[in-house]
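Just below is one structure, and these are the notes that go with it.
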Amino acid sequence: MHPYIAALAEKAPSVYLQNVAITSAAAVLLFWVGRTKLRAGSRSADQYETVRVADTLVTPPAARRSQRVQGRIWIGVSCVFAFGFLFNLVLGIKALSN
């Protein structure tokens, strides 16, 4: 076995499970921020719905391109945390089985 992998396997399973909880929470939060940026841009989540004003429907402007790019970047960062979640989950299961 590679010495780095052997060093990782020596930790307690609770350490891995704590990391699973933290990385999953971060991944969900960052994914939510990215989706909000993609949909609404810099506006809050409730401001991207159509509103009726004096017999006319007013639609908010679409998100700017820079806001959509920022949303995609946030989603990409959340994927990094999702990989960390999977890595810690596998190592935690392995530590539990030993």
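Counting from 1, the numbers follow the sequence of the chain as shown. Keep in mind the model is a prediction, meaning the values are calculated, not measured.
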Report task. Return the minimal non-hydrogen interatomic distance between Gly92 and Pro13, and the atom names on each side. Result ->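 For Gly92 versus Pro13, the nearest heavy atoms are O-CB, 4.4 Å.
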What side-chain donor-acceptor pairs closer than 3.5 Å can you find for residues 84-91, not counting sequence neighbours?
{"unit_1": "Asn88", "atom_1": "ND2", "unit_2": "Gly84", "atom_2": "O", "d": "3.0"}

Query raised in the report: Taking atom CZ of Arg35 and atom CZ of Arg72, what is their separation to the nearest 0.5 Å?
Result: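 Here the rounded value is 10.5 Å.
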Requested in this report: Any chance you could measure Phe31, atom CZ, to Thr36, atom OG1, to the nearest 0.5 Å?
Outcome: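 Between Phe31 CZ and Thr36 OG1, I get 10.0 Å after rounding to 0.5 Å.
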Side-chain donor/acceptor pairs under 3.5 Å, residues 18-30, sequence neighbours excluded:
{"unit_1": "Asn19", "atom_1": "ND2", "unit_2": "Val15", "atom_2": "O", "d": "3.4"}
{"unit_1": "Thr23", "atom_1": "OG1", "unit_2": "Asn19", "atom_2": "O", "d": "2.7"}
{"unit_1": "Thr23", "atom_1": "OG1", "unit_2": "Val20", "atom_2": "O", "d": "3.3"}
{"unit_1": "Ser24", "atom_1": "OG", "unit_2": "Val20", "atom_2": "O", "d": "3.0"}
{"unit_1": "Ser24", "atom_1": "OG", "unit_2": "Ala21", "atom_2": "O", "d": "3.0"}

Query raised in the report: Mind checking what makes side chain to side chain contact (heavy atoms under 4.5 Å, CB included) contact with Leu17, not counting sequence neighbours?
Result: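 Leu17 satisfies side chain to side chain contact (heavy atoms under 4.5 Å, CB included) with no other residue.
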